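The structure appears right after this line, and notes come after that.
Predicted model only: the values in this text are computed from it and were never measured. Side chains are part of it too, since the values below use all heavy atoms of this structure and drop only hydrogens, waters and symmetry mates.
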Amino acid sequence: MLDIEVIEDPAAAEASLDPIRTRILRELAEPGSATQLAARVGLPRQKVNYHLKALERHGLVELVEERRRGNVTERILRATAASYLISPAALASVAPDPRRFSDRFSAFWLLALAARMVQEMGQLIAGAAAAKQKLATFAIDGEITFRSAADRSAFAEELGVAVTRLVDKYHDGGSDLPAGSRPAGRKHRLVVALHPSLKTPAPKTAHAARQTTDSQATNPPATNPQAKEQDND
């Protein structure tokens, strides 16, 4: 089982986005049968089997073993990965292209770069797994608080200079030579990103929570009979 699998096939991406199938994939982090899953997710075994066949058809679950129980063969399945990430390749015709943007301060360019990274890393991980080799990667993740926009701008400028200096120091320009005279070095992708952190929602005070509860008691939410029927299917 992979830690993360990047889904590139559009049909597989569509199958994985179904809420019930997402729940099944989560439950199948540990091997299980349709009967066991039916009890966990609260659905008839026949419906669980239907979803399992779709997930197996798209390579999102795999057969671990088959157990014979009387006249019945019980199939034990497991998710192919602990987590899944949908690649922009699944929407290839409308996927963001970093070449369309050239402004290093553009949020859209940053998003396009991130999308390309997901796509390329998915292919690299799959190739490394097929070759049974380790994939050499490196990443830094952290947070920094700037006193002002001017400080942020100065930091970005200094960071760019420092990275450029390191690239000039270690980049092997021999990769631009004719094929017969190139060294055996491997080209690597370098992406450095800086963006604001998401704001953490402020916790509700006891007074605010009490007001919400009182409001719900006075004005209970309207029920949807149709939705209720669907839940009971």
Side-chain angles (χ1 to χ4, degrees), residues 1-34 37 41 48-66 75-101 107-142 163 167 170-172 174-176 179 182-193 195:
M1 175 188 282
L2 296 172
D3 290 327
I4 302 177
E5 181 174 341
V6 180
I7 301 173
E8 294 192 346
D9 179 56
E14 182 180 1
S16 70
L17 289 173
D18 180 274
I20 295 174
R21 293 172 187 171
T22 299
R23 171 77 187 278
I24 289 174
L25 287 173
R26 185 170 68 246
E27 294 291 341
L28 284 181
E30 298 294 333
S33 66
L37 283 171
V41 302
V48 171
N49 258 326
Y50 167 78
H51 291 298
L52 283 173
K53 287 178 181 178
L55 292 171
E56 190 174 10
R57 186 166 60 250
H58 293 297
L60 299 175
V61 301
E62 58 189 359
L63 180 66
V64 176
E65 63 174 311
E66 291 183 333
R75 303 178 78 243
I76 307 300
L77 299 164
R78 179 181 64 185
T80 55
S83 302
Y84 295 89
L85 191 61
I86 296 177
S87 168
L91 296 170
S93 61
V94 291
D97 184 356
R99 292 172 298 183
R100 289 183 55 205
F101 309 95
F108 298 107
W109 190 45
L110 175 55
L111 198 58
L113 290 175
R116 185 185 65 188
M117 183 182 295
V118 170
Q119 182 175 346
E120 291 183 352
M121 283 304 303
Q123 295 173 359
L124 288 167
I125 289 171
K132 296 182 179 180
Q133 294 180 346
K134 290 186 177 181
L135 187 62
T137 62
F138 173 75
I140 295 177
D141 178 39
V163 170
V167 169
Y170 289 99
H171 173 60
D172 185 356
S175 58
D176 299 327
R182 289 178 188 170
R186 174 73 185 269
K187 184 184 290 185
H188 286 68
R189 174 85 68 188
L190 173 65
V191 177
V192 178
H195 62 82

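In the displayed structure, E14 atom CD is contacted under 6.0 Å by at most 12 heavy atoms of other residues, nucleotides or ligands. No more than 12 heavy atoms of other residues, nucleotides or ligands lie within 6.0 Å of CD in E30, so this atom counts as exposed by the packing criterion.
Going from atom OG1 of T137 over to atom NE2 of H188 covers 9.0 Å, rounded to the nearest 0.5 Å. Taking CD of E120 as the start and CZ of R189 as the end, the distance is 4.0 Å to the nearest 0.5 Å. Taking CG of L135 as the reference point, atom CD1 of I125 lies at 6.5 Å (rounded to 0.5 Å). Here R99 contributes atom CZ and R116 contributes atom CZ; the two are 9.0 Å apart, rounded to the nearest 0.5 Å. Distance check: L113 CG to F108 CZ gives 13.5 Å after rounding to the nearest 0.5 Å. Taken from NE2 in H51 to CZ in R23, the straight-line distance is 12.5 Å, to the nearest 0.5 Å.
When side chains are defined from C-beta on, V41 counts as touching V48, because their heavy atoms get closer than 4.5 Å. Taking 4.5 Å as the limit, every side-chain heavy atom of R21 sits out of range of all side-chain heavy atoms of H58. Side-chain contact between M121 and V6 is absent, with no heavy atoms from C-beta onward closer than 4.5 Å. Between L17 and I86, some side-chain heavy-atom pair lies under the 4.5 Å cut-off.
Looking at every heavy atom in both residues, L110 comes nearest to H195 through CD2-CB, 3.9 Å. Heavy-atom minimum distance, A29 versus M1: O-CE, 3.4 Å. Between E8 and S87, the shortest heavy-atom distance links the atoms CG-CB, 3.8 Å. P96 and A115 make their closest contact through CG-CB, 3.6 Å (heavy atoms, listed as atom of the first residue, atom of the second, distance). Nearest heavy-atom pair, L25 versus A79, reported as atom, atom and distance to 0.1 Å: O-CB, 3.8 Å. Shortest non-hydrogen contact noted between V191 and M117 is CB-CE, 3.7 Å.
For S33, the side chain to side chain contact (heavy atoms under 4.5 Å, CB included) partners at least two apart in sequence or on another chain are T35, Q36, E74, I76.
Remark: side-chain polar atoms of S83 are not paired, donor with acceptor, to backbone N or O of E5 under 3.5 angstrom.
Of the candidates L52, L77, L60, L52 is the only one forming a side-chain contact (heavy atoms from CB on, under 4.5 Å) with I24.
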